[in-house]
Each structure stands twice: as structure tokens, then as C-alpha cells.
Novice: 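One structure coming up, written as C-alpha cells, with questions to follow.
We count ligands from 1, going down the list as the structure has it; atoms in each ligand are counted the same way.
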Amino acid sequence: MTYALDGWQEPTLAENLAKAGVSRRDFLKFCGGLAAAFAAGGAGLSLAARAFGADPTAAPAATPTAEDIAGKLGALTKPVVVWLQLQECTGCVESALRSGGTTVEDLVLNLLSVNYNEAIMAAAGDAANRVLGNANAEPHILVVNGSVPLKDNGIYCAIGGESAETVLKNAAKNASAILAVGACAVWGSVQASRPNPTGAVGVDQIIKDKPVVNVAGCPPIGEVITATIAYLLTHDEPPKTDAQGRPLFAYEQRIHDSCPRRPHFDAGQFVRTFDDDGARGGWGLFHLGCKGPSTVSACPVIQWNQHTSWPIGAGHPCIGCTEKEFFDRFTPFYRELPNVPGFGVEGTAEKVGLGLVAAAVAGVGIHAGVTALRLAASKTTTAAEPLAALGDEAPASEPAAATESESE
Ligand code: FSX
């Protein structure tokens with residue numbers, strides 16, 4: 001269903017959604033999905049997904065309910081968002097913009113007052129700087145894409161003559177909530193990989209006096225970005241996070257544990273080259289370097305581009321982009337775990353993966369929830385989808401015997 005959206009015309013979000021043709025039932029469906037996601041925890045991914053496709057009030061018995069979230073979201077009066085783009089590739093905002101299109105999430109994003117975002121705003125030059133100054137002066141949500149270069153007085157990324165560090169600090173002063181969106185903003189990503197020529201760091205290395213929610217991924221899933229913003233708009237405190245600052249409602253479950261190729265993994269059936277029979281049969285990608293056993297993300301459930309597909313679904317191994325320092329730790333990407341730098345050679349996929357995940361959540365209370373999965377129930381994941389032509393890359397190491405089924 002598409003909606004006619006013509007900007008913020010009415011006082012509240014609920015009134016604007018109604019004017020745009022969004023029914024109360026559709027809005028409740030969206031909110032029910034959020035409630036299920038926030039309440040169900042990583043193990044509730046599929047539960048939350050089913051909630052979107054079935055009963056819109058089917059959130060688990062926990063607070064807040066779909067009605068609670070609808071009430072809070074609906075009563076919003078044009079929340080102001082400052083969205084900075086620092087040292088990055090623009091993939092994150094592209095991902096966010098593509099999270100909807102025909103969905104209520106899209107409307108909610110559009111109805112936020114994103115006063116400042118370099119990629120999509122019309123203003124430029126002095127006018128843009130004035131907009132940023134005005135938005136910074138009032139309470140706002142701060143979303144940051146991109147890393148902050150600290151070397152050489154930050155000359156590698158400057159906006160309006162100010163270093164990215166100064167721009168970030170100014171924008172954080174009146175921020176009621178801060179989201180670091182994307183691997184670059186979370187820890188520096190590719191720019192921070194050795195030898196890190198610009199001295200790139202993540203947002204939480206600069207902002208120490210306020211909590212920073214790390215929405216990891218390169219880029220993150222658009223629906224996860226939307227859901228995290230929705231969480232902040234409907235709760236009085238940030239979501240529970242793991243030790244890397246990632247909200248547990250979206251980053252609690254390993255890709256490996258909800259991967260549609262998992263039965264093949266457990267049966268010892270593996271793709272050995274990108275064009276073999278196993279590849280056509282949707283078998284496990286472990287020997288091609290898949291980092292799914294050591295990566296937490298909702299990718300298998302939410303997927304990408306409105307649930308069209310996702311890397312593993314398209315036949316490509318996960319590169320682990322939601323994990324800290326993945327570029328240094330997980331390359332060469334086509335070499336299997338644990339035979340990549342930084343891992344002991346004795347570990348199996350399970351031991352390595354579980355060890356990493358355990359380290360990430362150590363000392364952190366487990367919180368419920370997953371993410372906005374509105375579309376997840378509308379399409380069955382197809383492990384054996386036609387595989388993209390991926391060239392002739394072979395795994396960097398000789399495939400080992402298929403003994404991983406011993407795990408678990
Ligand atoms: Fe980084 Fe985002 Fe990767 Fe790109 O803003 S997380 S390079 S997708 O665009 O920051």
C-alpha cells in the first residue's frame with residue numbers, strides 16, 4: 001500500500017498519518033511489531049515477525065504494548081532530528097531511506113523533522129550552517145553517520161570550517177538521545193582499519209557524558225535504524241545494549257542461529273566454490289569465509305530492500321560488518337573461520353562464534369526485543385535463491401573436512 005504524504009501539516013504524528021491515509025489498524029500493526037520486537041528479545045525474532053503478519057495486537061505480555069507505543073508515537077509533535085554525516089560513504093542514509101517506500105516506517109521517518117542532513121537537505125553553505133545552529137539550539141535527537149578523524153587537527157573532515165569533532169560536540173550538547181549509525185560512527189570502520197591514517201574514531205570515543213546507542217553495520221538495516229529511533233521516541237531511556245553499545249533488541253542473535261542454510265551446515269553440506277552444486281542448493285557458506293557464526297544481526301529475518309534478499313540469501317558469505325573491527329579481524333573475507341588473523345587455529349565455527357558473542361554480551365543484562373519486522377512474515381526466506389554471478393574467487397584456504405556438524 002502506498003500513502004500520499006505531504007509533509008507535516010497537522011499537530012501530531014497520528015493526525016498526519018491519518019491524513020496520509022494510514023489506517024489506525026496499519027499504524028497499530030506497525031506499533032504491535034515494535035512492541036513485539038522490543039519485548040521479545042533475540043529469541044523472539046520470528047515471534048515478532050509473525051506478529052506483523054497476523055494479529056496486530058499480538059505483542060507478548062510485556063510493556064509497552066502496541067497501544068502504548070501507538071499512543072506515544074501518535075502524540076509526537078514533530079520531533080527534531082539533527083543527522084550528521086561525517087567520514088563515511090553515505091550508505092547508511094541510503095539504507096535508512098530505503099527502509100520503507102511503501103511502509104508506515106517510511107512515513108514515520110518522513111514525519112520526523114530532520115532539520116539538518118547534508119545528503120538530503122536543500123540548503124547549502126551559510127544557509128545550511130544556520131539551519132544546523134538553530135536545530136542544535138533546541139532539544140533534538142542526534143543521529144551520526146561516519147567516523148571522526150582526530151589526526152592533524154581533524155583536517156580530513158570539516159564542515160563549515162569546523163572539524164568533525166567540533167561539529168559533533170556542538171550537536172551533542174542539547175541532544176536528548178544520540179545514535180551512532182553505521183560501523184564508521186560506531187568504531188571507525190574501514191577508515192580506522194590499520195594503519196588508520198586519519199585517526200578515525202567512533203562517536204562514543206568523543207561523547208562520554210551521554211549514552212550513545214550504536215546501530216552497527218556497514219550499513220545497518222534500515223528497519224533497525226527506524227526501530228531504534230522509534231524506541232527512543234517511545235521510551236524514557238535508551239534500549240539495553242551489549243558491551244559494544246548495540247541495542248539488544250536488534251543485535252542479540254547470531255546470524256548463524258537463524259540462517260536458512262543452517263540445516264545444511266549441521267548436515268555437513270558446504271559450498272566449496274561459488275558455482276558448484278552446493279551453491280545452487282543453498283548449502284552452508286562456511287568454507288567460503290562466512291562470518292555468520294561470529295556475527296550478531298537481524299539480517300536473516302529482516303533482510304534488505306524491503307525483505308527482497310540479503311547477502312547470504314544471495315549466495316555470498318557474511319563479512320561480519322556489525323562486529324567491531326571487522327575489517328581488520330575478518331579479512332581476508334573469503335578465508336574461513338577461524339583461520340583468519342586474530343583467531344586460534346583450533347577453534348571450530350561454533351566455538352569461535354559463541355566465544356565472540358559471549359564476549360560482546362558479558363556483564364550486560366539481557367533485554368527483550370528485536371526490531372521492526374513488518375515485512376518479515378510476508379515472504380519466506382529462500383536459501384536456494386538464484387545465486388548471483390560472483391566470479392571465480394576461491395576460498396583462501398583449502399576446504400577442511402565437513403565436520404562442523406559436531407557442534408551444538
Ligand atoms: Fe560507514 Fe555509513 Fe559503511 Fe558507508 O554513513 S558504515 S562506510 S555503508 O555510509 O558510515
Novice: Does ligand 1 have any atom that is closer than 4.0 Å to a heavy atom of Cys321?
Specialist: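 No.
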
Novice: Return the orientation label for the His316 and Tyr334 ring planes: parallel under 30°, perpendicular over 60°, tilted otherwise.
Specialist: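 Rings of His316 and Tyr334: perpendicular, over 60°.
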
Novice: List ligand 1 atoms under 4.0 Å from Cys184, heavy atoms only on the residue side.
Specialist: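 Listed by number with element, the hits are 1 (Fe), 6 (S), 7 (S), 10 (O).
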
Novice: Give the residue, atom name and distance (to 0.1 Å) of the protein heavy atom nearest atom 9 (O) of ligand 1.
Specialist: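 Checked against all protein heavy atoms, atom 9 (O) of ligand 1 sits closest to Gly91 N, 2.8 Å.
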
Novice: Could you tell me whether the side chains of Asn174 and Asn136 share a donor-acceptor contact shorter than 3.5 Å?
Specialist: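 Result is no, nothing qualifies.
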
Novice: Which protein non-hydrogen atom lies closest to atom 4 (Fe) of ligand 1, naming both residue and atom, and how far is it?
Specialist: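 Closest protein heavy atom to atom 4 (Fe) of ligand 1: Cys89 SG, 2.3 Å.
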
Novice: I need the nearest protein heavy-atom contact for atom 6 (S) of ligand 1: residue, atom name and distance, please.
Specialist: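 Result: Ala183 N, 3.1 Å.
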
Novice: Of the protein's non-hydrogen atoms, which lies at the shortest distance from atom 5 (O) of ligand 1, and what is that distance?
Specialist: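 Nearest neighbour among protein heavy atoms for atom 5 (O) of ligand 1, to 0.1 Å: Glu88 OE1, 2.6 Å.
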
Novice: Say whether Gln191 and Thr198, considering side chains only, have a donor N or O and an acceptor N or O under 3.5 Å apart.
Specialist: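 Thr198 and Gln191 do not have a side-chain donor-acceptor pair below 3.5 Å.
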
Novice: Under a plain distance cut-off of 3.5 Å, with no hydrogens placed, do Asn214 and Gln244 share a side-chain donor-acceptor pair?
Specialist: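 Per modelled atom types, Gln244 and Asn214 side chains form no pair under 3.5 Å.
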
Novice: Heavy-atom contacts with Pro219 under 4.0 Å: which atoms of ligand 1 show up? List them by number with element.
Specialist: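 By the 4.0 Å cutoff, the relevant atoms are 8 (S).
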
Novice: Give the residue, atom name and distance (to 0.1 Å) of the protein heavy atom nearest atom 2 (Fe) of ligand 1.
Specialist: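 Ranked first by proximity to atom 2 (Fe) of ligand 1 is Cys92 SG, 2.3 Å.
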
Novice: Using 30° and 60° as the class limits, which term best fits the ring planes of Phe286 and Phe270: parallel, tilted or perpendicular?
Specialist: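 Phe286 and Phe270: tilted rings.
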
Novice: In ligand 1, which numbered atoms sit nearer than 4.0 Å to a non-hydrogen atom of Gly182?
Specialist: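 So the answer, numbered in order with elements, is 6 (S).
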
Novice: Less than 4.0 angstrom from a charged side-chain N to a carboxylate O is my criterion; do Glu162 and Lys169 meet it?
Specialist: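 Looking at Glu162 and Lys169, the cut-off is not met.
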
Novice: Out of all atoms in ligand 1, which are within 4.0 Å of some heavy atom of Thr90? Include the element for each.
Specialist: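 In order of number, 9 (O).
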
Novice: Strictly under 6.0 Å, is that where the ring centroids of His140 and Tyr116 end up?
Specialist: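 That pair fails the under 6.0 Å test.
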
Novice: Does either side chain, that of Thr226 or that of Glu223, offer a donor lying less than 3.5 Å from an acceptor on the other one?
Specialist: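 Glu223 and Thr226 do not have a side-chain donor-acceptor pair below 3.5 Å.
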
Novice: Short list, please: which atoms of ligand 1 are under 4.0 Å from a heavy atom of Gly217?
Specialist: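 Result: 6 (S).
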
Novice: What residue and atom, counting heavy atoms only, is the protein's closest point to atom 3 (Fe) of ligand 1, and at what distance?
Specialist: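 Answer, as residue, atom name and distance: Cys218 SG, 2.3 Å.
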
Novice: Would you kindly specify which portion of Val93 sits under 4.0 Å from ligand 1, judged on non-hydrogen atoms: side chain, backbone, both or neither?
Specialist: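 Neither part.
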
